[in-house]
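Each remark here refers to the structure printed beneath this line.
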Amino acid sequence: MARYNPKDIEPKWRKRWDDEQAFLTATDRSRPKYYVLEMFPYPSGRIHMGHVRNYAMGDVIARFKRARGFNVLHTMGWDAFGLPAENAAMQTGAHPREWTYANIDHMRRELKQIGLAIDWSREFATSDLGYYRWQQKLFLDFWKAGFVERRESYVNWDPVDMTVLANEQVIDGKGWRSGAAVERKKLSQWFLKITDKAEDLLAALDDGRLKGWPDNVRLMQKNWIGKSKGLSMTFRLMDGTGPVIPENRAAIYPGPRDAGGRQPHGIPALRGAAPRAGRDDTNFPAEEGNGGIEIFTTRPDTLFGASFIAVAPDHPLAQRFAAKDKAVAAFINECQKTGTSQEAIDKAEKKGFRLPLEAEHPFLKGRKLPVYVANFILMGYGTGAIFGCPAHDERDHEFALKYRLDIIPVVLPPGEDPKTYSVAAAPYVGPGTLYNSSFLDGLSVDDAIEAAIARIEAIGAGKATTQYRLRNWGVSRQRYWGCPIPAIHCEKCGVVPVPEKDLPVKLPEVPASAFKVPGNPMDRMPEWRNVPCPECQGPARRETDTFDTFVDSSWYFARFAAARDDRPVDKGDCDYWLPVDQYIGGVEHAILHLLYARYVTRAMKETGHLSIEEPFANLFTQGMVTHATYSDQDGNWILPEEITSKSAGFGGEDCFPDELRGLIEAQLNNRTGEFWDAYREQTQSTGRFFFRDPQFSPLRVEGLIEFALIGPIEKMSKSKKNVVSPVDIIAKFGADAARWFILSDSPPERDVEWTDAGAAGAWKLVARIWETVEPHQGLLLAFPPPQSGGGVGAADGGGPLSHAARDSSPASGGANADLRRATHAAIHGVTEDIEHFRFNKAIARIYEFLATIRKAAPHPVIPENAEGIYPGPRSESGAPTSGGPGSPPPRGSGRDDTAGSTASWSLAEALSALVRLIAPFTPHLAEECWKHLGGKGLVCNAPWPAADKALLVKDEVVLPVQVNGKRRAEITVAASADAKAVEAFALADADVKRYTEGLTVRKVVVVPGRIVNIVAN
RNA sequence: GCGGGCGUGGCGGAACUGGUAGACGCAACGGACUUAAAAUCCGUUGAGGGAAACCUCGUGUGGGUUCGAGUCCCACCGCCCGCACCA
């Protein structure tokens, strides 16, 4: 029998798929389409197990949908721009382009080994001129349509990467890629106005347009957009330089003590428009508002509890005072120092600095509110100013305690007595009834909010407003390796778009050495930078910023579907292919990438490129691939491949010589310290010794052995060295086994732990399927499977088997009927499981099905000479095994007689189904089996088997019988038996009688097909 | 702090809308084959008790609803993820 050898077989079928262009996809409007897409990779150079998992999942779906009759689009490309290429240039001297494209070539070769059903003719990299030139065209269209803005603003500056980061790319005050503390810097920036679409981006999350998305991702996006309704209103200001309580003053800011001699501030006339509500950044007109301070609040009901006004350190009002008053400037400076960093923010004390201003309460004529600059007010949200109501807000409460401000309760919790209720100790933020609030008294919080807004609007002091947490998307990057932003700066005309006829703006050629210097080399290329203004022909210069790479990945799915040489995408083709039916990727992209892509899709719709607003109909977020970590006694991480383990027990199979054990134990017992305590405990609990030594060699034991400690199971990462290389795994076990295992062990949305034993188990399965199929060469020639299969719409039961009717008749009965039932149950179950992304369960069912087949068609016991069967570490280590793939050991006689005699067509049906059911998971094995059995054509083109529902129904069912809730017996009844008959049958059962003896039966619950429960006492 | 999710054998995990808990895989153990080992094949495997038939207990902890709870409700404990001074 030919031993299954993936090393030969897998490349053979991949070549065949290539030769036949099996996965080339044409736009074919006569057929139903299915677009499955996995998030495309960054070409870092090597594939990792996370890629294997991601693309294996997509491939299962793609192959499955093909078999179900869909015209499937499944593509691959490269998210190829970005900083690592420049970092590599800095370190290795290779030009970013060379580095990137060399990586792509290498990764493509590795990726192809997985055996994915991908239309490689559609491949592109975002760094291809053919891609990014159309991105420039899109940008110009967006610009024309008003989706683009450019302004000076404070930006998050990453001092290591020397670039600007979007707010979303700042994590805990650090750059998402470099991890460096982010600084504030003022720069002119390009923005895409995503906030204009905030409302629709939010609405789509809940109105059914994204019903195919996981709840948690929808929720994350909802929180990120952060809509809140409230009131924006203006507090009138007046000079507040009257009596300031000295001790209070001191407490405000223990800075340079010039309080005593401070001159009263004169308040110049305030002119100009009030700061606009809804502003989303820190860019302001030079002159701030006249009428007062505009604030935003979601709790206008608490206006009567207001006791102060606070503005952000960046607020223009604060800035203006800072310009004149060193103490203010010093305070602001201090705020900014502590402000930007991480969640120390959380513990940071609330601090304020009193400005010589007072605000007038809108309803209480005499009431004056002091105005502070406060470190906890964010310029980026709302208007950068608030009124403080210490009684009903945690932060305001803390602030008021510190600066001895009034704490006036205005909301009375249900059941509290207004005379005794106090908020001195803690604010109350829950629902209740208004009091101490004039015309709002007696109203609920919700009603009072409405009433207060109405009154403020009536007196013209403000209006109802909606705020979003979401900021506009800064897309400028001061980098070379990205898509150039097609704009020109002219002294006379300002910033003008590059005319379309002048597109593309190609990245200039720069020498690799240019990257030794930090910053953007394009800034240092006058010959490229200096161009005539397209409008006035005067001297002008090119924009040297390039796009954030999230722009690149925001429309690539459309380009895959409809690339053209003369436009970004073909709308007609997009109308057929889009939206993506199934998008698969990591949950780490739940917010950034997915939100941007949703926005860009809307923008493309409005500029006439697409007809849809939501790009991804169904989204699946897969878990990570994890692995145990190993470390040595110095705390250094160790690669899994360097680890050997030996049984610590006696007489184990691990061939661990007793005399060595003595030496090991002696060494262990002599040592003290944390590592050795942990090691001894590990040996106890696992029953094994772990060593750093890829091929455990007894000679090294004496003093030279290195012990290894197992650490926590974590996401595979280079820094912890807990990585296994997909290429090594494929070389060892084959791609099919790798695909099988990575999908078999855990539900796809959860993390999966890669273990060598599991991978070896998957390999065993591959071999066992071959071994089961092998004796039945040509079986399908005698009993061809139906070609009608499970096409679209022909779901389960849709494919009548010509011979099915014959054989499912009771006459055929017996073992055949059981096998047939198992076959159709497996088809039904696996189909459902794949549809619902339950790959682990689908695989469990295949195991069960295989066991049934093997019972029905016993296979001869395995050959005398099976060396090399298991391609594990042993054979890896050198000596080629005897025989080898080319010369299979002889395998008994008479194996061909099966097709004609022993095997019935029901076995043919079972094997034919089995092979097609495994095809999405282990495509190479499936092709080999299909060919061997005599299947027609390639199995990747074969129709999905259809389950005959009639065979799923059992005539008899086994029902458990409970007495008082405890299972006491089982009865077998006809499936059609009515409740009464079942009850009678159950009560008559001997075991049941035993337990009901002497008791009175009070009630009998019969759940048809499920259970019988007898209540007796 | 706010929001969301999850706790089931030695391990990964099954269990449809409440209906036989532990499918399937891994590991472990026993047996067959082998000079031997590996590989392969067959079997056992939640815990406790019993010679056996069987019995008792068991889904993080404590209560509750129900004929019946891993599943529903309340409280608590633990872990994971997202957001984090968003007014």
Side-chain angles (χ1 to χ4, degrees), chain A residues 172 215-217 219-224 226-228 230 295-299 302 310 339 342-343 345-348 350 374-378 380-389 393-396 398-399 467-470 587-588 590-591 652-653 655 685-687 741 744-747 750-753 755-762 764-765 767-768 771 832 838 840-848 851 854 859-870 872 874-875 958-970 1002-1005 1007 1009-1016:
Chain A
D172 290 342
D215 290 344
N216 64 333
V217 174
L219 188 67
M220 273 153 74
Q221 294 216 346
K222 188 176 174 174
N223 292 339
W224 191 262
K227 176 180 182 173
S228 50
I295 60 94
F296 174 74
T297 181
T298 56
R299 293 293 303 273
T302 63
Q342 64 262 17
E343 58 189 75
I345 269 175
D346 201 27
K347 286 157 205 150
K350 306 246 180 308
N375 66 347
F376 65 98
I377 307 300
L378 305 174
Y381 186 77
T383 61
I386 60 141
F387 79 79
C389 175
D393 182 279
E394 302 269 359
R395 297 151 300 180
D396 297 350
E398 187 185 333
F399 192 78
Q467 287 290 343
Y468 299 92
R469 208 183 77 102
L470 182 69
V587 74
E588 65 272 20
I591 296 169
E653 298 159 1
C655 182
S685 63
T686 63
F741 174 62
S744 70
D745 234 27
S746 295
R750 248 185 262 181
D751 290 352
V752 63
E753 186 194 351
T755 61
D756 231 42
K764 267 194 272 187
L765 174 103
R768 201 175 328 154
E771 184 185 290
E832 292 285 304
R838 297 183 297 233
N840 56 325
K841 287 175 65 183
I843 281 172
R845 280 184 209 281
I846 292 172
Y847 271 110
E848 279 179 311
R854 284 162 73 89
H859 51 282
V861 186
I862 287 292
E864 45 292 356
N865 178 3
E867 242 177 85
I869 279 172
Y870 174 70
R874 243 167 32 96
S875 56
V958 178
L959 289 186
V961 182
Q962 296 180 333
V963 177
N964 290 331
K966 290 193 171 156
R967 194 181 71 87
R968 297 300 185 188
E970 272 180 1
R1002 301 286 173 197
K1003 189 174 172 185
V1004 178
V1005 181
V1007 183
R1010 279 281 171 205
I1011 202 165
V1012 180
N1013 192 7
I1014 296 163
V1015 187

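As a basis for the values below, the full set of heavy atoms in this structure was taken, side chains included, without hydrogen atoms, waters or symmetry mates. Chain letters run A, B, ... following the sequence lines, proteins first, then strands; residues in each count from 1. Computed from a predicted model, the values in this text were never measured in an experiment.
Comparing the same atom, P, in B:U8 and in B:C57 gives a spacing of 22 Å after rounding to whole Å. The P atoms of B:G18 and B:C73 are separated by 11 Å, rounded to the nearest whole Å. Taking atom P in both B:G64 and B:G49, one finds a spacing of 30 Å when rounded to whole Å. For the P atoms, the distance from B:C33 to B:C11 is 35 Å, rounded to whole Å. Separation of the P atoms belonging to B:G10 and B:C6 is 23 Å when rounded to the nearest angstrom. Between B:G22 and B:U34, the two P atoms lie 38 Å apart (nearest whole Å). Nucleotides B:G46 and B:A51 have their C1' atoms positioned 23 Å apart, rounded to a whole Å. Across the C1' atoms, B:U45 and B:G25 are found 14 Å apart, a figure rounded to whole Å.
Checking the phosphate oxygens (OP1, OP2) of B:G25, no side-chain nitrogen or oxygen of A:Tyr847 falls inside 4.0 Å. Remark: A:Arg967 is not in phosphate contact with B:G68, judged by side-chain N or O atoms under 4.0 Å from OP1 or OP2. The side chain of A:Asn840 contributes no N or O atom lying less than 4.0 Å from OP1 or OP2 of B:C24. Distances shorter than 4.0 Å separate some side-chain N or O of A:Arg854 from OP1 or OP2 on B:C41. Side-chain N/O atoms of A:Lys841 include none lying less than 4.0 angstrom from OP1 or OP2 on B:G12. Between A:Arg750 and the phosphate of B:G13, there is a side-chain N or O to OP1/OP2 separation shorter than 4.0 Å. A close approach under 4.0 Å does not occur between any side-chain nitrogen or oxygen of A:Arg845 and OP1 or OP2 of B:A14. Using a 4.0 Å cut-off, some side-chain N or O of A:Ser228 falls inside it from OP1 or OP2 of B:A87.
Heavy atoms of A:Ile377 sit under 4.0 angstrom from at least one base atom. Within 4.0 Å (heavy atoms only), A:Val1007 reaches at least one base atom of the nucleic acid. Residue A:Gln962 is classed as a base contact, given a heavy-atom separation below 4.0 Å to a base. Among the atoms of the strands shown, none is found under 4.0 Å from any heavy atom of A:Ser744.
Closest to the A:Val958 side chain, of the nucleotides B:U20, B:A87, B:C83, is B:U20. For A:Thr298, taking side-chain heavy atoms from C-beta onward, the closest of the listed nucleotides B:A87, B:U20, B:C67 is B:A87. Taking only side-chain atoms of A:Lys966, from C-beta outward, the nucleotide of B:C57, B:A23, B:G19 with the closest atom is B:C57. Among B:C67, B:G3, B:G12, the nucleotide with an atom closest to any side-chain atom of A:Val1005 is B:C67. Listed candidates were B:A87, B:C41, B:A84. Nearest to the side chain of A:Leu378 is B:A87. Residue A:Ala757 places its side chain closer to B:A27 than to any other of B:A27, B:C83, B:G12.
Separating the CG atom of A:Asp751 from the C1' atom of B:G13 is a distance of 14 Å, rounded to the nearest angstrom. Note: NZ (A:Lys222) to C1' (B:C2) measures 14 Å, nearest angstrom. For the pair A:Arg768 CZ and B:C26 C1', the interatomic distance rounds to 12 Å; values are reported in whole Å. The CG-P distance, from A:Asp393 to B:A87, rounds to 9 Å in whole Å. Across the protein-nucleic acid pair, A:Leu765 atom CG and B:C26 atom C1' stand 13 Å apart, rounded to whole Å. B:C24 atom C1' lies 14 Å from atom NZ of A:Lys764, rounded to whole Å. Taking atom OH of A:Tyr381 as the reference point, atom C1' of B:C83 lies 14 Å away to the nearest angstrom. Computed from coordinates, the A:Phe741 CZ to B:G25 P distance equals 14 Å when rounded to whole Å.
Atom CD in A:Gln962 sits 9.0 Å away from atom CZ in A:Arg967 (nearest 0.5 Å). To the nearest 0.5 Å, atom NZ of residue A:Lys764 and atom CD of residue A:Glu771 are 12.0 Å apart. Taken from OG1 in A:Thr297 to CD in A:Gln467, the straight-line distance is 11.0 Å, to the nearest 0.5 Å. Put simply, CD1 on A:Ile295 and CD1 on A:Ile386 are 8.0 Å apart, with the number rounded to the nearest 0.5 Å. Distance check, rounded to the nearest 0.5 Å: CG of A:Asn375 to CZ of A:Phe399 gives 8.0 Å. Distance check, rounded to the nearest 0.5 Å: NZ of A:Lys222 to CZ of A:Arg469 gives 14.0 Å.
Nearer to the 5' terminus of RNA chain B, by closest-nucleotide assignment, is the contact made by A:Leu959 (compared with the other of A:Leu959 and A:Arg968). Nearest-nucleotide mapping onto RNA chain B: of A:Leu219 and A:Gly226, the residue sitting toward the 5' end is A:Leu219.
Partners of A:Arg768 by side chain to side chain donor-acceptor pair (under 3.5 Å), not counting sequence neighbours: none found.
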Legend entry - Heavy-atom protein contacts under 4.0 Å, nucleotides 45-50 of chain B, coded B base, S sugar-phosphate only, - none: ------

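Judged by distance alone, with hydrogens and angles left aside, the side-chain atoms of A:Asn964 form a donor-acceptor pair with the main-chain N or O of A:Ala1016 at under 3.5 Å. At distances below 3.5 Å, not a single donor-acceptor pair connects side-chain atoms of A:Asn1013 with backbone N or O atoms of A:Val1005.
A 4.5 Å side-chain heavy-atom check between A:Phe376 and A:Leu378 finds every atom pair outside the cut-off. Looking at heavy atoms from C-beta onward, A:Leu219 lies out of side-chain contact with A:Trp224 at the 4.5 angstrom threshold.
A donor-acceptor contact under 3.5 angstrom links the side-chain atoms of A:Glu970 to the base of B:U20.
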Inset, instruction - For A:Ile1014 and A:Val961, run side-chain contact (heavy atoms from CB on, under 4.5 Å): C-alpha distance rounded to whole Å, both residues' side-chain angles, the deciding distance at 0.1 Å, then the answer. - result: CA-CA 8 Å; A:Ile1014 296 163; A:Val961 182; 3.8 Å; yes

Inset, instruction - Toss me the dot-bracket line for RNA chain B: Watson-Crick and G-U wobble, both under 3.5 Å, 5' to 3', using | for pairs to another strand and [ ] for crossers. - result: (((((((..(((......[....))).(((((.......))))).((((....))))..(((((..]....))))))))))))....

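B:G49 has its base anti relative to the sugar, with a glycosidic angle deviating from 0 by more than 90°.
With A:Tyr468 as the aromatic partner, A:Lys227 does not meet the cation-pi criteria of under 6.0 angstrom to the ring centre and within 45 degrees of the ring axis.
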